[in-house]
Amino acid sequence: MNVFRLLGDMSHLLAILILLLKMWKTRSCAGISGKTQILFALVFTTRYLDLFSSFISIYNTTMKLFFIASSYFTIFLMYSKFKATYDSNHDSFRMEFLVVPVGGLAFLVNHEFLPLEILWTFSIYLESVAILPQLFMVSKTGEAETITSHYLFALGSYRLLYIFNWVYRYYFDGFFDLIAVVAGCVQTILYCDFFYLYITKVLKGKKLSLPA
Amino acid sequence: KDSSAKKDEL
């Protein structure tokens, strides 16, 4: 563990807590893409299958359990409790356009052709594009609530911090995982446009609005 | 590229 990975995990945790807080306080999931949340639940489910078979640390296990539980709880809130506030008209990104190609790629490009490894690879590739329905929804609605932009900033920062973690681990541990690094860079690049808007607008107290 | 190392990242 290094400071970048710890900050990254905390940023990820913060993002999830911000989202839950937003939905709980406003009793609404307006502006949030349910499809992205479904993809995140799929990411965690396929990535943490070794939850019971390999023990790394208490921290690792509790974080995995929290990520899995919170992702399904978020889906429950969006599609059940606060269903009336779910904006399905603007959440129209076709998930199959992401899941199918990513599934195929995971079969073709992986470290080992084993079920657990292919599922882990699928999860890494899927996570890199899972935010697209959410970004697509923000671009369709043309704006996002300020708390939603904080959620996206924390979520985008987590994988950016992980990139620093991989640089650190490469030089200090000699650890390097090309698949995770490439997917992590793609994932972070997808946020660049949003990062720019967040820093130039939201941090100046303005609302996040995309040029129509 | 010891990616096969135990998956210790979240």
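Just so we're on the same page: letters track the sequence lines, and every chain starts at 1.
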Checklist entry - Under 6.0 Å from the CZ atom of A/Phe164, do we count more than 12 heavy atoms belonging to anything else shown? => result no

Checklist entry - Is it the side chain or the backbone of A/Asp9 that comes within 4.5 Å of chain B heavy atoms, both, or neither? => result side chain

Next on the checklist: How long is the straight-line distance from CG of A/Leu49 back to NZ of B/Lys7, given to the nearest 0.5 Å?
Outcome noted: 12.5 Å

Checklist entry - Within a radius of less than 6.0 Å around OH of A/Tyr59, do more than 12 heavy atoms belonging to other residues, nucleotides or ligands occur? => result yes

Next on the checklist: Which atoms of A/Tyr170 are under 4.5 Å from chain B, going by heavy atoms: the side chain, the backbone, both sets, or neither?
Outcome noted: neither

Item to check | Residue part contacting chain B, namely of A/Phe44, when any heavy atom lies under 4.5 Å | outcome: neither

Checklist entry - Which value, rounded to the nearest 0.5 Å, describes the distance between B/Asp8 atom CG and A/Met1 atom CE? => result 8.0 Å

Checklist entry - What heavy-atom pair brings B/Leu10 and A/Phe67 nearest, and what distance separates the two atoms? => result CD1-CE1, 3.8 Å

Checklist entry - Heavy-atom count around A/Ile58 CD1 within 6.0 Å, excluding the residue itself: above 12? => result no

Item to check | CG on A/Asp177 to CD on B/Glu9, rounded to 0.5 Å | outcome: 7.5 Å

